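In what follows, a structure is listed as structure tokens, so that the remarks can point back to it.
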Amino acid sequence: MTASKDAGPYEPGHATRHLARVSLTVVDHPLAGHLLLALRDRNTPATLFRSLTKRLTTVLILEATKDLPTRERTVMTPLEEATGLALKQPLVVVPILRAGLGMLDAVVELFPVVRVGYLGLERDEATYQPSEYYAKLPEMQDATTFVLDPMLATGGSANAALDSVKKAGARSVRMVSVVSAPEGVASLQRAHPDVDVVTASVDRALNADAYIIPGLGDFGDRLFGTQPDA
Ligand code: PRP
Ligand code: URA
């Protein structure tokens, strides 16, 4: 992972950029690229799509958590004392329903004591505006909160989710997505300049239907096998 401070155009495949006050990390690990390409493949069936999502989320979360605050702790090994680092703060993860559910297991397996909240958001097919149909959020004030949504397209859903978690008390928040559009990243940076974004790719653009291109299609439909021609 490399870091640069220039604010030039997005180049998919390039690593960490710090634009304005927000950090955008495009994870360029070869395994992330390999898994993402398989997710993009229209011939990938739902069963494989689910396991690819989980494995790619593991890579993304390792990146998104690499600078979590820690504190020193000492334990006794069978031989002598050993001092190391333990996580300092609780963690909260909030998948955005539906598609964010595909990313949840990876986080819970890496951090079994994580608190889990849920936000249900649906994007209107004509206006692309999200509407919230469900919210159940834990205590977040003392924690680092990770919002999960595989697709950051217009940014409407992510911004609405970030509004909700902040209103519920979240103070340190990070957004983890699989594929992002430049439009969505810019919108999030305007609305939530304090939120760092970790993604596997910033793709070329949005098409006229606000789908990410090249993208991978409708993530929720592919994850749950509900696409019309399945
Ligand atoms: C998809 C996706 C995001 C949203 C992204 O959800 O999972 O939540 O669209 O688009 P945006 O950045 O333009 O808001 P969708 O509304 O299709 O619901 P689903 O997850 O239930 O399929
Ligand atoms: N939601 C998706 O699932 N895919 C897109 O490309 C855009 C929004």
Side-chain angles (χ1 to χ4, degrees), residues 10 12 22 24 26 35-42 44-46 48-50 52-54 56-57 60 93-107 116-137 145-166 173-192 195-230:
Y10 297 107
V22 177
L24 167 67
V26 182
L35 296 169
L36 176 59
L37 193 61
L39 280 173
R40 290 190 194 276
D41 187 339
R42 63 187 297 170
T44 297
L48 178 57
F49 196 90
R50 285 178 204 132
L52 291 165
T53 300
K54 183 173 170 184
L56 180 51
T57 304
L60 296 175
V93 63
V94 181
I96 303 181
L97 310 182
R98 267 181 318 170
L101 278 180
M103 303 172 77
L104 178 61
D105 282 356
V107 183
V116 183
Y118 294 91
L119 281 176
L121 292 172
E122 189 163 28
R123 197 173 80 147
D124 184 282
E125 280 177 20
T127 66
Y128 316 124
Q129 292 305 305
S131 58
E132 188 176 290
Y133 58 86
Y134 185 76
K136 190 92 179 171
L137 297 171
T145 295
F146 295 87
V147 175
L148 309 178
D149 192 331
M151 304 307 272
L152 179 58
T154 65
S157 304
N159 284 339
L162 294 168
D163 287 342
S164 293
V165 297
K166 286 182 179 177
V173 190
R174 299 174 188 192
M175 180 79 213
V176 184
S177 82
V178 172
V179 177
S180 306
E183 294 89 333
V185 173
S187 167
L188 192 151
Q189 289 178 329
R190 275 194 302 276
H192 295 281
V195 173
D196 292 345
V197 181
V198 174
T199 185
S201 175
V202 179
D203 276 10
R204 195 166 76 251
L206 293 178
N207 71 9
D209 296 321
Y211 271 79
I212 300 172
I213 47 174
L216 48 73
D218 189 307
F219 202 101
D221 280 345
R222 294 195 60 192
L223 184 72
F224 293 111
T226 53
Q227 61 269 48
D229 56 352

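For ligands, and for the atoms within them, numbers begin at 1 and follow the listed sequence. Model, not experiment: these values are computed from the prediction.
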*Among protein heavy atoms, which lies nearest atom 18 (O) of ligand 1, and at what distance?*
Leu121 O, 4.1 Å

*CA sep, side-chain torsions, deciding dist, call: Thr44, Arg222, side chain to side chain contact (heavy atoms under 4.5 Å, CB included)*: CA-CA 9 Å; Thr44 297; Arg222 294 195 60 192; 3.7 Å; yes

*asked:* With a cutoff of 4.0 Å, is Arg123 in contact with ligand 2, counting heavy atoms of the residue only?
replied: yes

*Enumerate the atoms of ligand 1 whose separation from the nearest heavy atom of Gly156 is less than 4.0 angstrom.*
12 (O), 14 (O)

*Which heavy atom of the protein is the closest neighbour of atom 6 (O) of ligand 2, given with residue, atom name and distance?*
Ile212 N, 2.8 Å

*atom 5 (C) of ligand 1 - nearest protein heavy atom and its distance*: Met151 O, 3.3 Å

*Please indicate whether any nitrogen or oxygen in Gly220 is less than 3.5 Å from any nitrogen or oxygen in ligand 1.*
no

*Shortest protein contact, atom 4 (C) of ligand 1 (heavy atom only)*: Ser157 OG, 3.5 Å

_Interfacing atoms of ligand 1 (cut-off 4.0 Å, heavy-atom, Glu122)_ = 16 (O)

_Distance check, rounded to the nearest 0.5 Å: Met103 atom CE versus Ile96 atom CD1?_
10.0 Å

*Considering distance alone, does some N or O of Phe219 sit under 3.5 Å from an N or O of ligand 2?*
yes

*Check whether any N or O atom of Met151, backbone or side chain, sits under 3.5 Å from an N or O atom of ligand 2, and answer yes or no.*
no

_Give the atom numbers and elements of ligand 1 that come within less than 4.0 Å of a heavy atom of Ala99._
7 (O), 20 (O)

*May I ask whether Ala210 has any heavy atom positioned less than 4.0 angstrom from an atom of ligand 2?*
yes

*asked:* Tell me the nearest of Leu206, Ile96, Asp221, Asp218 to atom 17 (O) of ligand 1, using heavy-atom distances.
replied: Asp218

*Is the NZ or CZ atom of Arg123 both under 6.0 Å from the centre of the six-membered ring of Phe219 and within 45° of that ring's axis?*
no

*So which heavy atom in the protein is nearest atom 8 (O) of ligand 1, and how far is it from that ligand atom?*
Asp149 OD2, 2.5 Å

_So, regarding Thr154 and ligand 1 (criterion: nitrogen or oxygen to nitrogen or oxygen, under 3.5 Å), is there a contact or not?_
yes

*Hey, does Gly217 sit under 4.0 Å from ligand 2 if you only count heavy atoms?*
yes

*For atom 22 (O) of ligand 1, which protein heavy atom lies nearest, and how many Å away is it?*
Arg98 NH2, 3.0 Å

*Sub-4.0 Å protein heavy atom next to atom 2 (C) of ligand 1*: yes

*Contact between Gly184 and ligand 1, counting heavy atoms under 4.0 Å?*
no

*Can you tell me if Ser177 and Asp149 form a side-chain donor-acceptor pair at under 3.5 Å?*
no

*Heavy-atom distance to atom 12 (O) of ligand 1: which of Ala161, Ser180, Ala153 wins?*
Ala153

_Shortest protein contact, atom 5 (C) of ligand 2 (heavy atom only)_ = Tyr211 CD2, 3.4 Å

